[in-house]
Amino acid sequence: MGDLNGRAARLASRGFIVGALVALSAGCAPDLPVGTVPTYAVMQFDPQATPPRISEPTVLAINQQTGLIDFSASGVNVPADCATAPAAAPPETAMPVAACEFYTFLQSLDGFPTVTPGRTPASEPLDVASVTVPENLFIYNRTKSSTYADVTVSYDETANYLVFNPNSGWDVDSVYTVAVRGYANGVKAVSGHEVIGTDIYFFLKSDESLTCGASAPPVDPSCAYYGLVARPGQTPDEISATLLQLEQLRQAWLLFGVFDDAATKGNMPKDEVAIAWSFPTHSASVVELLPPLLVPEVVGTNQLKLKVKGSIKASTLGPFSLQTPEGSVVLLDLTVLAENPGVFPPPPEAVPPFTPTYENGAIVLTAATDLIVGHQYGILLLTRITNEAGKPIVPSPLTVMLKASGELIDAAGHSQVPNVDDASAAAAEAGRVQLKPLLDQLLPLVLLTRADIAYMYAFTYPNP
């Protein structure tokens, strides 16, 4: 199957899958069997739905040429200028500023953020109690050969998706396998129905070539799968195209070992798998932000600790101040700043002296004097910080929302950020509004922009 631990190998294989997704979206997928049986619930896989109903996050979103996330295959074309995105031309590309900025962030990554929730669509509500982890929902880090079970499982009845949130975040620079057990021994629907896989998965599970070895049309009509996909009125070329596309996907699933992982690591035989897929995480390091689980840790009376996923090149850490503008870590006393509006330079106590270090997988900020109980502090990490390979750290999704230029919710309170629910977007919008004056007024004075920020968090000491 090849060594998927190498980054280049993973990118090449991801591109292979993208080609198959684009091909399926071009018009042949509707000719495949539907696979909806009244007495069963179905784990869905429909790349042609609007929006596509496929498992997320997915390796299908990685562009083979760039190696980066690319949503254009699913019909999302992100405007080049987010400031004018609401009035972009052509009109079908228009989108809210916040959505444009979030898509732009995602499409700068070579894998998904480490706090990305997982989800997979179903034809009817599933019984969450039956989604046991890791027995019926198996998640495996192929890169590190480890099972991941620290997830919170729920079901989104509005969109009909099984959802799982990684409580401690995914590892960076990793490829994950996810598999859901169905049929008699697996997940059940609320209705009591067994959960089965869609018909496409019948083909993906095949141990033999769907084209009988053909890599280009025509496929021999005597091939066993030819008659299974043929529909009345189809030409031999159309039937061959469908089989070739399915064979691409089958080979990709084989390359990523999703069924092999499920069977050998998760004790989930192929005939019990209702849905299985793979997704990568980005290779850059990140300081995750997801309150209340993933926030700075208060240590003693003068120290703050920020855990890092990935490595940090210690020499890229330095305190930022007006005296040391080349620094990469910012610590602000926001209470003092608020008491001195419009004062520049700010009072010295607004920028308390501190030393940043990298210790045991964390960036540690040690202030020269005790932090003040009841004061609000702000921490910013800049993209000048890199991992050992020299790649800049990237922000967590919440940081992207907090530093957004556009509103995260519309006038009706609905989220304007892709795949972020209304309540989460509203909570982030409250923080964005609080931080906006600081970013708008202070950053230009110190020759920084929002793009320079890889982490941003404000809290009242000592309660992060």
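Fair warning: this is a prediction, and the values are worked out from it, not measured in the lab. As a basis for the values below, the full set of heavy atoms in this structure was taken, side chains included, without hydrogen atoms, waters or symmetry mates. FYI, the numbering just counts along the sequence from 1.
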Minimum side-chain heavy-atom gap [X]-[Y] below 4.5 Å:
X    : Y    : answer
P291 : L398 : yes
P57  : Y176 : no
L246 : I200 : yes
N160 : P125 : yes
L331 : P352 : yes
V258 : V273 : no
Y461 : V373 : yes
S328 : F320 : no

Looking at every heavy atom in both [X] and [Y], which two are closest together, and how far apart are they?
X    : Y    : answer
T383 : P392 : O-CB, 3.4 Å
A179 : A262 : CB-CB, 3.9 Å
V286 : V394 : CG2-O, 3.2 Å
D173 : T143 : O-CG2, 3.7 Å
V128 : S154 : CG2-C, 4.0 Å
P356 : V329 : CB-CG2, 4.0 Å

Verify, without hydrogens or angle tests, whether [X] (side chain) and [Y] (backbone) share a donor-acceptor contact under 3.5 angstrom.
X    : Y    : value
S321 : T324 : yes
E101 : C82  : no
S285 : I312 : no
Q107 : F71  : yes
E297 : K305 : no
T116 : P113 : yes
R432 : A404 : yes
D333 : Y377 : no
D110 : G67  : no
T281 : S174 : yes

Quick check for you: to the nearest 0.5 Å, what is the distance between [X] atom [atom1] and [Y] atom [atom2]?
X    : Y    : atom1 : atom2 : result
T399 : E288 : OG1   : CD    : 10.5 Å
I69  : T58  : CD1   : OG1   : 10.5 Å
L293 : S168 : CG    : OG    : 9.0 Å
L382 : E326 : CG    : CD    : 11.5 Å
Y455 : L306 : OH    : CG    : 4.5 Å
L371 : T301 : CG    : OG1   : 7.5 Å

task: Classify the angle between the aromatic ring planes of Y457 and F459 as parallel (below 30°), tilted (30 to 60°) or perpendicular (above 60°).
output: parallel
- request: Return the orientation label for the F45 and Y201 ring planes: parallel under 30°, perpendicular over 60°, tilted otherwise.
  value: perpendicular
Return yes if a side-chain donor-acceptor contact under 3.5 Å exists between [X] and [Y], otherwise no.
X    : Y    : result
N165 : T152 : no
Q376 : T335 : no
N463 : T460 : no

task: Decide if atom NZ of K313 counts as having more than 12 heavy atoms of other residues, nucleotides or ligands within a radius under 6.0 Å.
output: no
- request: Report, as yes or no, whether the 6.0 Å neighbourhood of atom CG on N360 holds more than 12 heavy atoms from other residues, nucleotides or ligands.
  value: no
field: With sequence neighbours excluded, residues passing ring pair (Phe, Tyr, Trp, His ring centres under 6.0 Å) with W277
entry: none
task: Please determine if E135 and R181 form a salt bridge, counting it only when a charged side-chain N lies under 4.0 Å from a carboxylate O.
output: no
query: Any Lys/Arg nitrogen of D261 or K265 sitting under 4.0 Å from an Asp/Glu carboxylate oxygen of the other?
result: no
- request: Might you work through the side-chain contact (heavy atoms from CB on, under 4.5 Å) test for K391 and T386, ending with a clear yes or no?
  value: CA-CA 5 Å; K391 181 174 291 188; T386 75; 5.8 Å; no
message: Between Q65 and D70, is the side-chain contact (heavy atoms from CB on, under 4.5 Å) condition met? List the steps.
response: CA-CA 10 Å; Q65 278 78 38; D70 183 355; over 6 Å; no
query: Which is it for V153 and L162 under the side-chain contact (heavy atoms from CB on, under 4.5 Å) test, yes or no, and what are the steps along the way?
result: CA-CA 8 Å; V153 180; L162 175 66; 3.8 Å; yes
Candidate pair D46 and Q44, rule side-chain contact (heavy atoms from CB on, under 4.5 Å), full reasoning: CA-CA 6 Å; D46 186 359; Q44 298 171 321; 5.6 Å; no
query: Looking at Y148, Y140, W170, which one forms a ring-ring contact (aromatic ring centres under 6.0 Å, His included) with F279?
result: W170
